[in-house]
A.B. asks: 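Dumping the structure here so I can ask a few things about it.
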Amino acid sequence: MPLNELLNVIFRWAHVIAGIMWIGNSMLFNWLDRNLEKDQALSRLSQGKLYMVHSGAFYDVEKKLLEPGQMPDRMHWFKWQNGFTWLTGISLLVVVYYMNGAGALRDPHVANLDASVACTLSVASLFCGWLAYDALWRIFGEANPRLANVLSIALLFGAIWGFAQAFSGPGAYMQTGVLIGTIMTGNVWLCIMPSQKSLIAATLSGKEQDPVLSLRAKQRSIHNNYLTFPLLFIMISNHFPSATGAPLNWLVLIVVMVGGAGVRHFMNWRYLGGGRQRPKAAWLAPAFAMGGVVVIGLLVLTNLRTGPKVKVDHPVDYARMEEIVSARCVPCHSTHPTDKQFPVAPKNVVFDSPDAIRAMAPRIRAMAVDSQQMPFLNRTNITDVERAEMGVWIDSGALLK
Ligand code: HEC
């Protein structure tokens with residue numbers, strides 16, 4: 001195994017493990033917060049209690065503030081799950097997207113960037129993204145959170161559009177994911193942790209905690225909660241070239257993110273606090289509707305017909321069609337592909353014989369003429385004229401003569 005692939009496996013494996021621990025924790029604490037019961041005889045500082053059963057016994061959990069000076073010797077923090085997820089994620093970004101001349105981050109058919117320019121853009125957008133988001137919420141977060149919300153969502157969508165103009169499809173998706181992950185990590189380490197530290201300091205000294213820190217921490221933690229589903233989609237998005245390679249790939253991503261965050265919203269909205277829940281239909285129906293938004297995004301937007309940019313008037317015979325397919329498709333779609341990335345033909349689509357090409361004509365039209373998702377990243381440099389010629393051959397009956 002080459003060194004690059006070895007690092008890829010190690011970081012990816014660790015990334016998934018740390019990510020599951022982080023998101024799992026975060027979901028559990030969110031669930032706890034929404035299910036605490038307050039109607040029992042609780043102490044003045046208690047914020048609610050609940051019982052759980054797991055692994056052979058009961059857990060008696062209470063959320064509360066502590067009396068001054070009551071700080072236990074050992075306090076469990078939950079920060080390294082997030083810390084490791086981010087560190088391994090950034091390492092993966094370097095190994096997969098920056099190394100090897102940033103070959104995976106760049107796509108000459110999208111933008112003609114040098115490797116150094118592409119990597120600089122990627123790093124700079126992470127820094128600027130965090131700074132802009134953090135500044136927005138520090139300035140408007142307390143006085144006008146609605147404005148801060150609108151502006152941060154607009155900035156994020158603008159960034160996604162920008163990434164899609166600069167980077168390869170998979171690169172643009174992953175860059176968005178790393179930006180979101182970086183914002184979430186900044187929230188944990190630069191907002192939520194300091195707030196918890198100040199809570200501890202306040203408890204030790206018997207003073208009130210600064211309410212601004214507490215509000216800020218709560219806001220950022222809600223942001224992280226909403227960002228989990230979109231981020232998890234991005235983590236798996238590279239398996240779906242129909243999405244990352246769609247001409248409107250940025251819009252697909254925005255719609256899927258909106259739908260994913262919407263599902264998350266109604267899963268939160270379900271809980272009324274104190275262990276009470278809304279009726280199933282009340283939250284399940286809108287949650288499904290948001291799921292429908294995701295499906296529409298993936299189904300409709302990835303198949304938008306753009307068609308070839310040029311028209312050809314001359315007839316196209318099979319010999320010409322075969323010439324195009326051999327040059328532009330067979331490097332991957334063959335029983336013995338020559339493209340190093342695909343040792344076996346993707347999706348078992350093979351164009352080794354006239355009959356195979358003829359049988360696949362409708363899919364060829366959809367993938368290479370209408371939506372132009374093929375050739376993959378246009379690695380074989382098909383031209384617009386060739387796309388149009390394939391269309392003419394298929395429209396005139398896909399005849400083998
Ligand atoms: C660099 C490699 C590469 C080249 C060149 C390439 N493809 Fe593909 N092709 C892929 C990959 C990867 C997939 C799998 C995509 C997925 O999983 O959605 C695929 C899938 C397909 C599919 C099946 C998708 C479906 O949903 O039916 C068709 C059809 C297809 N390619 C047609 C073509 C045509 C036509 C050409 C030439 C114009 C071409 N491909 C060139 C890599 C390539």
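Each ligand, and each atom within it, is numbered from 1 in the order the structure gives.
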A.B. asks: Using a 4.0 Å heavy-atom threshold (strictly under), name the region of Gln341 that reaches ligand 1: side chain, backbone, both or neither.
C.D. replies: neither

A.B. asks: Please identify which atoms of ligand 1 are closer than 4.0 Å to at least one heavy atom of Ser242.
C.D. replies: 18 (O)

A.B. asks: Return the closest protein heavy atom for atom 28 (C) of ligand 1 as residue, atom name and distance.
C.D. replies: Met367 CG, 3.9 Å

A.B. asks: From the options Met360, Arg387, Glu386, select the one whose nearest heavy atom is closest to atom 29 (C) of ligand 1.
C.D. replies: Met360

A.B. asks: From His333 NE2 over to Met367 CE, what is the distance, rounded to the nearest 0.5 angstrom?
C.D. replies: 7.5 Å

A.B. asks: In the protein, which heavy atom is nearest to atom 11 (C) of ligand 1, and how far is it?
C.D. replies: Pro346 CB, 3.2 Å

A.B. asks: Tyr271 vs Trp31, test: side chain to side chain donor-acceptor pair (under 3.5 Å). Steps then yes/no.
C.D. replies: CA-CA 9 Å; Tyr271 297 106; Trp31 181 91; 3.3 Å; yes

A.B. asks: Out of all atoms in ligand 1, which are within 4.0 Å of some heavy atom of Thr380? Include the element for each.
C.D. replies: 5 (C)

A.B. asks: Would you please determine whether Pro331 falls within less than 4.0 Å of ligand 1 on a heavy-atom basis?
C.D. replies: no

A.B. asks: Heavy atoms only, cut-off 4.0 Å: how does Phe351 contact ligand 1, side chain, backbone, both, or neither?
C.D. replies: side chain

A.B. asks: Give the residue, atom name and distance (to 0.1 Å) of the protein heavy atom nearest atom 25 (C) of ligand 1.
C.D. replies: Arg363 NH2, 3.3 Å

A.B. asks: Looking only at protein heavy atoms, identify the closest one to atom 23 (C) of ligand 1 and say how far it is in Å.
C.D. replies: Val349 CG2, 3.7 Å

A.B. asks: Among protein heavy atoms, which lies nearest atom 5 (C) of ligand 1, and at what distance?
C.D. replies: Arg328 O, 3.2 Å

A.B. asks: Within a distance under 4.0 Å of any heavy atom of Cys332, pick out the atoms of ligand 1 and give their elements.
C.D. replies: 1 (C), 2 (C), 3 (C), 4 (C), 5 (C), 43 (C)

A.B. asks: Is the ring centre of Phe342 less than 6.0 Å from the ring centre of Phe376?
C.D. replies: yes

A.B. asks: Taking distance alone, with N or O pairs closer than 3.5 Å, would you say His239 contacts ligand 1?
C.D. replies: no

A.B. asks: Just need the protein heavy atom nearest to atom 36 (C) of ligand 1, so name the residue and atom and give the distance.
C.D. replies: Cys329 SG, 2.8 Å

A.B. asks: Would the Trp137 and Trp130 ring centres measure less than 6.0 Å apart?
C.D. replies: no

A.B. asks: Going by side-chain contact (heavy atoms from CB on, under 4.5 Å), Ile90 matches just one of Val178, Val123, Val95. Which one?
C.D. replies: Val178

A.B. asks: Return the closest protein heavy atom for atom 32 (C) of ligand 1 as residue, atom name and distance.
C.D. replies: Met374 CG, 3.6 Å

A.B. asks: Nearest 0.5 Å, please: how far is OG in Ser195 from CG in Asn187?
C.D. replies: 12.0 Å

A.B. asks: Could you tell me, atom by atom, which parts of ligand 1 come under 4.0 Å of a heavy atom of Lys347?
C.D. replies: 14 (C), 16 (C), 17 (O), 18 (O)

A.B. asks: Just which atoms of ligand 1 are under 4.0 Å from any heavy atom in Asp339?
C.D. replies: 1 (C)

A.B. asks: Number the atoms of ligand 1 from 1 as they appear, then name those within less than 4.0 Å of a heavy atom of Pro241, with their elements.
C.D. replies: 15 (C), 16 (C), 17 (O), 18 (O)

A.B. asks: Calculate, to the nearest 0.5 Å, the distance between atoms CG and CZ belonging to Leu253 and Phe157 respectively.
C.D. replies: 8.5 Å

A.B. asks: Determine the interplanar angle of the Phe266 and Trp269 rings, folded into 0 to 90°, and report it as parallel if under 30°, tilted if 30 to 60°, perpendicular if over 60°.
C.D. replies: perpendicular

A.B. asks: What atoms of ligand 1 come closer than 4.0 angstrom to any heavy atom of Phe342?
C.D. replies: 1 (C), 2 (C), 12 (C)

A.B. asks: Can you pull out the closest protein heavy atom to atom 39 (C) of ligand 1? Residue, atom name and distance to 0.1 Å, please.
C.D. replies: His333 CD2, 3.4 Å

A.B. asks: Quick one, Glu67 with Arg44, criterion salt bridge (charged side-chain N to carboxylate O under 4.0 Å, His left out). Give me CA distance, side-chain angles, the key distance, then yes/no.
C.D. replies: CA-CA 10 Å; Glu67 296 287 357; Arg44 184 178 58 87; 3.4 Å; yes

